[in-house]
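All remarks here apply to the structure that follows.
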Amino acid sequence: MNENNNSAKKSTVRSSFSGKLGYVLAVAGSAVGLGNIWRFPYLVAKYGGGIFLLVYLVLMLTFGFALIMAESALGRMTGESPIGAYESFGQSLFLKFGGRINAIIPMIIVPYYSVIGGWVFKYLAEYIRGNVAGVAGDDYFSNFISETYAPSVFFIIFVIATLFIVMAGVEKGVERASKIMMPVLIILAVIVAIYSITRPGAMEGVKYFLIPDFSKFSLMTIVAAMGQMFYSLSIAMGILVTYGSYMKKDVDMEKSTSQIEIFDTGIAILSGLMIIPAVFAFSGGSTESLKAGPSLMFITIPKIFNTMGFGRIFGIVFFLLVLFAALTSSISLMETNVSTISDATGLSRKKSTLIIFIEILVFGIPCCLGFSILDFIKPLGMDSILDFFDFISNSVMMPVAALCTCFLIVKIIGFDKITAEIKRSSKFKREKIFRFCIRYLAPLFLMIILVSSIANAFGLISM
Ligand code: TRP
């Protein structure tokens, strides 16, 4: 592929992955984001609590592990981003398709990710203004997103902030800052979680979150948990192939993967402990409020802060930290998209950035308006346009991308070559799990998921 376009970029990134810590932190920075703090808790609430958590954990330790290893090894082996990595094994239609679908997914995610990022900005602004009681009102959130202009304005602010950081080349600064911000986020989350758990009635929520109720299990639990796992760990979209290509040959891939999984899941569980018990304490755990969906964080967190002392300070710090986590993720999404475009077209970084900017507006603005003037559009019966993009990327395209990666490894590269790459630096204790997942379990499950989520979307079955 066209190495020159982003060679400057690559060499700076490469040098930053000087060792294991560099790699783990970079992947963790891209993994920990709105997926953990905003998306995970609302899915847990929606899909039955503890049973979702259990399925999520099992999937992460098997599939998640196998796919992270597979993608990073593919990247390190070829030294390329996804399109190049796939094509380094030939020019067949499958290889072309496999590389491209991996590269397209981040382009679908970044617009609606930025819409949520905009909501975070809005809440930060409200806390700075001191509107602690206002944002805790029952209808505050729904009123806000159904305004015609405001959500789009905040969305654009978020996009410009991301672009500004990428263009000014200060990602390093942001990433360095996030190394301080992340620990602060964890401490703050622990405080808020303890406060939330100790509210009257909140214990029901803790039970709901931690104790699996098998009667709530359905195919949809697996579909949603799998989608969330891909999303949260940034897998099945070529990101880890690219990061793997920056990884040194002596970095222990297996250990780093475990650390990334622990870190990412730890933050997700902590967010669950902040938000789910609060739903029970403040809304009595009604099914209606448990099903609130994407708005859950924006409804429950302000209620917590409104009853705590120093609500304004907590609000400012919390949303600032969430904003940071979101920005480090959106920067990494943006980077990937810009280099995909410049590799594919040969255009300069500036022009490629402009193309991506326009693309984000084209997809993002309808997501914003989907809650106001376009709210009559319910693509495939989804709740909103934003839900639709989320579904298409996480439940349809990512399984396809992951299937391609499995197929590539099993049929084209061969296990021996991939495991040899991994064993250059790791003992690879979980090799058997890896082989079994990639060869049998993952393809079977991914097929089932794909077929059932499409059938569900078209109303052929209901899950
Ligand atoms: N994992 C990120 C989160 O939890 C979101 C995300 C998905 C992402 N794919 C990505 C971030 C690719 C960076 C790159 O919020």
Side-chain angles (χ1 to χ4, degrees), residues 13 23-44 56 60 64 67-68 71-72 75 81-82 101-120 158-159 162 165-166 171 174-175 178 181-182 185 189 224-246 257 260-272 294 297 321-340 356 360 386 389-395 397-399 401-402:
V13 178
Y23 172 74
V24 171
L25 286 177
V27 177
S30 118
V32 174
L34 292 171
N36 308 61
I37 306 165
W38 154 78
R39 200 172 186 272
F40 179 79
Y42 96 67
L43 288 176
V44 175
Y56 181 81
M60 197 200 46
L67 280 167
I68 297 183
E71 288 191 17
S72 332
S81 346
I101 185 154
N102 272 282
I104 287 171
I105 295 170
M107 297 188 195
I108 310 235
I109 292 184
V110 78
Y112 83 82
Y113 200 83
S114 307
V115 174
I116 320 285
W119 297 350
V120 174
F158 185 87
V159 178
T162 306
I165 295 166
V166 173
E171 302 105 287
V174 173
E175 261 147 38
S178 82
M181 302 288 264
M182 278 300 161
L185 177 66
M226 180 81 94
Q228 172 61 14
M229 184 199 77
F230 288 144
Y231 190 91
S232 187
L233 293 169
S234 316
I235 37 187
M237 56 187 94
I239 302 279
L240 294 170
V241 178
T242 312
Y243 279 16
S245 72
Y246 305 143
T257 301
I260 292 160
E261 286 191 315
I262 292 171
F263 193 59
D264 190 70
T265 310
I267 300 207
I269 291 180
L270 209 52
S271 310
M297 174 177 108
L321 294 169
V322 175
L323 188 65
F324 243 81
L327 276 173
T328 52
S329 293
S330 68
I331 290 166
S332 131
L333 280 161
M334 194 80 84
E335 272 295 346
T336 318
N337 293 339
V338 169
S339 47
T340 301
I356 289 295
I360 294 176
L386 190 149
F389 281 119
D390 191 71
F391 173 82
I392 284 291
S393 49
N394 293 285
S395 301
M397 292 176 77
M398 288 193 210

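For this chain, numbers begin at 1 and follow the sequence in order. Counting starts at 1 for both ligands and their atoms, following the listed order.
With ring centers used as reference points, F40 lies 6.0 Å or more from Y231.
For the 3.5 Å distance criterion, the side chains of S30 and S329 fail to qualify, holding no donor opposite an acceptor. When only modelled atom types and interatomic distance are considered, D264 and S232 share a side-chain donor-acceptor pair under 3.5 Å.
Of all protein heavy atoms, the one lying nearest to atom 1 (N) of ligand 1 is Y231 O, 2.8 Å. Here the heavy atom of the protein found nearest to atom 9 (N) of ligand 1 is M237 SD, 3.0 Å. Remark: minimum distance from atom 14 (C) of ligand 1 to any protein heavy atom is reached at S332 OG, 3.2 Å. Among all protein heavy atoms, the one lying closest to atom 3 (C) of ligand 1 is A31 O, 3.1 Å. Shortest contact from atom 8 (C) of ligand 1 to any protein heavy atom: S234 OG, 3.5 Å. Distance from atom 11 (C) of ligand 1 to its nearest protein heavy atom, with residue and atom name: S30 O, 3.1 Å.
The shortest side-chain heavy-atom distance between V241 and N102 does not fall under the 4.5 Å cut-off. Residues I165 and M334 have side chains not in contact (no heavy-atom distance under 4.5 Å, counting atoms from C-beta outward).
The N36 neighbourhood of ligand 1 comprises atoms 4 (O), with distances under 4.0 Å to a heavy atom of that residue. The contact set between ligand 1 and I239, taken as ligand atoms under 4.0 Å from a residue heavy atom, comprises 12 (C), 14 (C). Close approach to S232 involves these atoms of ligand 1, each under 4.0 Å from a residue heavy atom: 1 (N), 4 (O).
For ligand 1, the polar-atom distance check against L34 finds a nitrogen or oxygen pair separated by under 3.5 Å. Distances between N or O atoms of L333 and those of ligand 1 include no value under 3.5 Å.
Within the 4.0 Å heavy-atom cutoff, W38 does not count among the residues contacting ligand 1.
Of the candidates I109, I108, I235, M398 forms a side-chain contact (heavy atoms from CB on, under 4.5 Å) with just one, namely I109. When each of V159, I360, T336, V115 is paired with V110, the side-chain contact (heavy atoms from CB on, under 4.5 Å) condition holds for I360 and for no other.
Proximity of a side-chain donor or acceptor of N394 to a complementary backbone N or O of D390 within less than 3.5 Å is detected.
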